[in-house]
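Inspection log for the structure reproduced underneath, given as structure tokens.
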Amino acid sequence: MAAVISDLGATTTAEPPAPARSRRRGGSAWARRLVLVIAGLYFLVPLYAAFRFAIGTSDGGVSGAVFAGIPAQDGFLDAITLTVRLAVIALVITLVLVVPTAVWVHLRMPRLRRVLEGVTLLPIVVPPVVLIIGVLEVAPPELKGTPDLLALVYVVLALPFAYRALDSGLQAIPLTTLVEASRSLGAGWGRTLVSVVLPNLRSALLAAVVLTVAMVFGEYTMASLDQYQTFPVWIVVFQQANARVSVAVSLLALLGTWALLWLISLVDRRRQSPEDT
Amino acid sequence: MKQREVPAWVGVVPFAAYTVVFLGVPVVAVVLGSFVDPATGAFTLDNFGIATSGVYLRGFGSSIGLSLVTALVPGVLGLVLALAVRASPSLRLKRAVATASGVFANFGGVPLAFLFVATLGSTGLVVELVKAVGVDLYGAGFSLYSFWGVAIVYGYFQIPLMVLVITPALEGLRPNWREAADNLGATPVQYWRHVGLPVLAPAVLGCMLLLFGSAFSAYATTSALTSGSLALTPIQIGSFLNGNVLSGQENVGRALGVGMIVVVGVLMALYALLQRRVSRWLQ
Amino acid sequence: MTTTDAAETRTDPASGRRAGVAVELRDLNRRFGEVRALDGFSLDLAPGELVTLLGPSGCGKTTALRALAGLEAVDSGTVVVGGRDLRGVPVRQRDMGMVFQSYSLFPNLTARDNVAFGLRVRGQDKAARRRRADELLELVELGGRGDRYPHQLSGGQQQRVALARALAPEPQVLLLDEPLSALDAKVRVALREQIRAVQTRLGTTTLFVTHDQEEALSISDRVGVMRDGRLEQIASPAELYARPATPFVAEFVGTMNHLPGTTTADGVEVLGRRLPVTTGRPAGAEVDVLLRPEALLVTPDPHGTGVVVATTFLGAVTRVHVRVGDTQRSGARPGGDGTTVLVDRPSAAVAGLGPGAGVTVEPAPDAQPLVA
């Protein structure tokens, strides 16, 4: 299976673009702008429409109070707390599983890379709605009684994205050389991993973190079918009580995530190497 | 002083074990359950008989149709968008699109449904807007809650997903190739036909497969948007879990699940065959 | 280094070859922000001539080549090829073949299809372009490899395919953008000779860009040394080596010793010997004297002023690194702690010299110094 899943990281780790080609064909520049404008409308108009809806009041006026009142809404803080907890558990397990495995496979079993790529595709073959049936069937009762079961299953959903992100990150660095250099200087495996390999994988790790957290904060299917009120489930349940607040929360969540990613990409911006003339 | 060589496979044991426990075992349970008669506990194929007839068969039809449409169309649109962004000299635009894609690709469920109800619902912003210039969308037969309405909504996370996954492949298109083609007298169309698209084909195919999987298993958005009016397989499976089920049919949901796995599995096999053809030059 | 009449070292490149076209780059300017990649750059190529632009990275040589190809816009200046002003002519209509540094072969096409690409987009029929592609592959000694995909070829083979591809549509001008720099040293030498042989045979006017002076000197009719977007000097390889117009050129082409010297009435005194040269300075001035390693002699002398620091065996010649100290009879700067001088001699002549040996270094009687 070729790489069908990729990641945010790859866009930042890729080689610097060629020196700006100044000869832009006039026609294609127009086509490019047209594509961007249409895409912009498609993605921004619904946001605007939802915003208009959220700030509308029952008497036809306009008020921003709906945003200010969000934290005080019933169940909001519980939902956020639960979701953050699930995200942290899922993230820790994912990284602990994926990072050593990806590094190990690159170093010791490069031929296994393709097999692992195939394995990480499996969660896509198995839709979440099917997976949760099976999980609820086989999970021991003590696990079924806790939302942490969800976090454990989320790890499976996050694996493809996290693994791909790291895999492409590892592809981009001379891993074997780095490790051999570190080992020859007397560092143990743990120290090599922590002080040599991981710092070089910063981008890829960031991408893995972002993708995993975003996944947990967006996952509705399993959470709702397992009957726990995570953030996405809360929005649905609450919507029946107050649609405007629900829309306002959705908007804020979307924009908040976007802003966070934007910040991360700024921090992570790589210096571009100068090129010949 | 632990210089003893560990066998290489030891390193992948935790990963493999986790996958088996949390993915393999549940899937096996679903598969086994799909062959069980809930009343007697005996082996039966009846669950599959029900799962492949009537409303469930139509559900598969709509699901596969919707997933194909929302893999191909947003796939192409996402590719075009990614190419447009790549050709842009603005780094800010590139970064904005990269982060936005990450956000929108994970967007779905009720929030997404809301966005489009507010936009294309019967009193949505755009609907009202075009009504003001004399076009009645709903009068002309459009509905947000129909197949095509849902397809438009799916584009909102499918197009960004395509942008997200195809962009690294675009980085693999070397500017040298375009310049060499230019130099050899090729028009842009000739370049894309003979070089650009053939080089991208394996990646594009793979990404579209991913888009299919994403649409095929989408549950939250559809369930929020149509509340059951559009019969799609994941919704039907969900209703089994929610307990809305006729006695004696408890395991039909499992059979439907197996059906979904088979559909994606078959598609993956087709993809692998096609992949071999389009990437002959890679081997 | 004996220089014969410099004016005559520039041979008529077109003689005995098929006629190429003349290329004229006139007063090109190109700025990237603060950097002047091209600063009033002008260059003429005679029909069939191979001219190399040589210079450090960032000197504008690649920009010049890309401007000729049309891949880079210029802020001002004209490009004339075969009498035709190329202003506004798009890349694909410029009729130039180009070989890039690396990885420019279309990965999804076989070697043959790569070579035939230019013919395909011109609408040639399949049989004809296949014939022509095979002919060109033969020319670059890759006959029989036509069915290989680029990743199945070595770096050198890939560049030969790229050369064949560039030549297939019989371009007016051939552009070589550091085509050898990604290759192994040995392949590099073989391939540069092959490029020159093919170019001579076809008589295609060629612009070659490199930062490797050996490469430039070995295959060019003329070499232009660039610095900060300008041509510092353009001349035949022999003349460039023997008579560098500026210290920058002298430094960049070949190895140079910088020695402290004093001007005399009719020349310069360096390492205790007077050499005739026009300095344009009053006698007695302290100057930098530039001498090639082969223009110096080294003789064993326990009481000499130099001490051998190291020797580098280069094959037929050995390079002797000699430290000349303050006790030098003349030339050494007061307070200086000496200079290391490089001297190239036939290996047999200096076989007995090892580190620590006392020696005397002096210019050969016919040395041609450059005074800065």
Side-chain angles (χ1 to χ4, degrees), chain B residues 75-76 79 82-83 86-94 166-208 271-283, chain C residues 62 65-66 68-72 89-111 113-124 129 147-152 158 161-171 173-179 182:
Chain B
V76 171
L79 175 63
L83 284 171
R86 174 179 186 260
S88 160
S90 161
L91 274 177
R92 277 162 74 105
L93 178 75
K94 284 179 185 170
I166 199 67
T167 296
L170 297 188
E171 300 290 335
L173 276 186
R174 291 175 179 276
N176 269 356
W177 296 337
R178 179 62 187 266
E179 292 179 355
D182 259 12
N183 224 278
L184 292 164
T187 61
V189 171
Q190 284 172 322
Y191 163 74
W192 282 110
R193 194 174 129 215
H194 298 306
V195 181
L197 289 179
V199 168
L200 283 183
V204 168
L205 259 181
C207 291
M208 283 188 175
Y271 159 79
L273 284 178
L274 208 57
Q275 184 79 336
R276 203 163 301 160
R277 277 188 64 95
V278 297
S279 58
R280 221 174 351 151
W281 50 274
L282 278 171
Q283 272 122 46
Chain C
T62 295
L65 178 134
R66 290 171 62 87
L68 176 52
L71 292 168
E72 199 76 68
V89 177
V91 182
R92 67 171 179 277
Q93 286 163 16
R94 290 201 173 196
D95 195 16
M96 296 183 188
M98 182 156 170
V99 179
F100 296 81
Q101 185 167 344
S102 58
Y103 304 118
S104 73
L105 292 184
F106 307 129
N108 60 317
L109 301 179
T110 60
D113 289 344
N114 261 286
V115 177
F117 186 87
L119 310 172
R120 187 176 179 183
V121 301
R122 282 170 175 75
Q124 266 199 26
R129 62 183 197 235
D147 293 322
R148 301 269 181 103
Y149 284 100
H151 77 275
Q152 296 167 323
Q158 288 186 29
V161 175
L163 178 65
R165 180 179 69 177
L167 291 169
E170 300 187 32
V173 180
L174 181 60
L175 303 173
L176 306 168
D177 185 7
E178 307 225 16

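Lettering of chains follows the sequences in order, A, B, ..., and the numbering in each one begins at 1.
Looking at every heavy atom in both residues, A166(C) comes nearest to L184(B) through CA-CD2, 4.3 Å. Smallest separation of non-hydrogen atoms from N183(B) and A69(C): ND2-CB, 4.0 Å. Contact between R174(B) and Y103(C) at its shortest, heavy atoms only, is CD-O, 3.6 Å. Taking each heavy atom of S104(C) and A180(B) in turn, the nearest pair found is O-CB, 4.3 Å.
Once rounded to the nearest 0.5 Å, the distance linking CH2 of W177(B) with CG of N108(C) reads 8.0 Å. Between Q190(B) atom CD and R92(C) atom CZ the span is 8.5 Å, to the nearest 0.5 Å.
No other option in M98(C), Q93(C), R120(C) has as many heavy-atom pairs under 4.5 Å with chain B as R120(C).
With a 4.5 Å cut-off on side-chain heavy atoms, E179(B) and F100(C) count as touching.
The environment of CZ in R193(B) is sparse: at most 12 heavy-atom neighbours from other residues, nucleotides or ligands sit within 6.0 Å.
Neither the backbone nor the side chain of A201(B) comes within contact range of chain C; no heavy atoms are under 4.5 Å apart. Of the atoms belonging to T110(C), not a single heavy atom falls under 4.5 Å from chain B. L119(C) does not touch chain B: none of its heavy atoms, backbone or side chain, sits under 4.5 Å away. Heavy-atom distances place the side chain of P169(C), and not its backbone, under 4.5 Å from chain B.
No side-chain donor-acceptor contact under 3.5 Å links D182(B) to the backbone of P90(C).
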